[in-house]
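Start at 1 and go down the list; that is how both ligands and their atoms are numbered. All heavy atoms count here, side chains included; hydrogens, waters and symmetry mates do not. Given the structure is predicted, the values throughout are model-derived calculations rather than measurements.
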Amino acid sequence: MSYEHILVAVDLTEECDPVIKRAMNLALASNAKLSLVHIVEPMAMAFGGDVPMDLSQLQQQQFDQAKEKLNRLKNKYPEVKTGDSHLTYGQPRHEIHQLAKEHHVDLIVVGTHGRHGLALLLGSTANDVLHGAPCDVLAVRLVKTPQ
Ligand code: AMP
């Protein structure tokens with residue numbers, strides 16, 4: 001059985017590249033559609049939901065910057081252009097699962113540092129996404145290159 005729709009979750013850091021490349025190779029091998037997703041986490045959520053100031057302008061800036069970076073990634077990887085790219089507010093696990101269900105995704109690809117959670121295996125977001133996922137999940141191990 002080969003995959004038909006692969007969704008890559010990107011955090012928009014330079015670490016995205018190996019994650020996208022792995023997903024791209026899989027998509028090419030199975031002739032699958034390849035889509036990207038980035039989730040902007042609400043600032044208020046990061047501060048525990050109780051912030052005595054208006055964060056809406058900052059939040060908008062963060063969203064605009066993410067949009068620009070996501071567009072740059074799409075241009076860098078032409079294979080991704082054929083799929084969709086999603087940028088939403090929310091909690092990564094919830095939004096990624098929701099998108100996967102709505103768009104009939106059969107493989108989610110995430111990166112993992114292997115530094116928290118299940119000790120040396122899964123990073124926190126990868127771990128989170130794996131639990132309750134509506135389809136297969138591939139965690140691409142991110143290795144720090146020596147400086
Ligand atoms: P982390 O656990 O935060 O180190 O992130 C590991 C992986 O989770 C990244 O390589 C991405 O694949 C995914 N990820 C983390 N944050 C986000 C985000 N805000 N939106 C989409 N994917 C993310």
With respect to [X], determine whether any N or O atom, backbone or side chain, lies less than 3.5 Å from an N or O atom of ligand 1.
X	answer
Ala9	yes
Val109	no
Val110	no
Thr125	yes

Task: ligand 1-proximal atoms of Val140, by part, heavy-atom distance under 4.0 Å - done: neither
Open item on the list: I need the contact type for Val37 against ligand 1. Using non-hydrogen atoms and a strict under-4.0 Å cut-off, is it side chain, backbone, both or neither?
Closed with: backbone
- [ ] For Ile39, take its heavy atoms, then give the atoms of ligand 1 lying under 4.0 Å from any of them.
- [x] 18 (C), 19 (N), 20 (N), 21 (C)
TODO: Can you sort out which atoms of ligand 1 are near His113, meaning under 4.0 Å from one of its heavy atoms?
DONE: 4 (O)
Task: Atom CD of Gln57 with >12 non-hydrogen neighbours under 6.0 angstrom - done: no
TODO: May I ask you to check whether over 12 heavy atoms, not counting those of Asp64, lie within 6.0 Å of atom CG?
DONE: yes
Open item on the list: Please enumerate all residues that pass side chain to side chain donor-acceptor pair (under 3.5 Å) together with Lys69, with sequence neighbours excluded.
Closed with: none
Task: Minimum heavy-atom distance His5-Ser35, with the two atoms named - done: NE2-OG, 2.8 Å
TODO: Going by heavy-atom distance to atom 16 (N) of ligand 1, choose the closest among Ile20, Val19, Asp11.
DONE: Asp11
Open item on the list: Please tell me whether Gln62 and Gln59 have a donor and an acceptor in their side chains that are separated by less than 3.5 angstrom.
Closed with: yes
Task: Partner set under ring pair (Phe, Tyr, Trp, His ring centres under 6.0 Å) for His103, not counting sequence neighbours - done: His86
- [ ] Check whether Ile108 and Leu28 end up in the same hydrophobic cluster, where Ile, Leu, Val, Met, Phe, Trp and Tyr are linked by side-chain heavy atoms less than 4.5 Å apart.
- [x] no
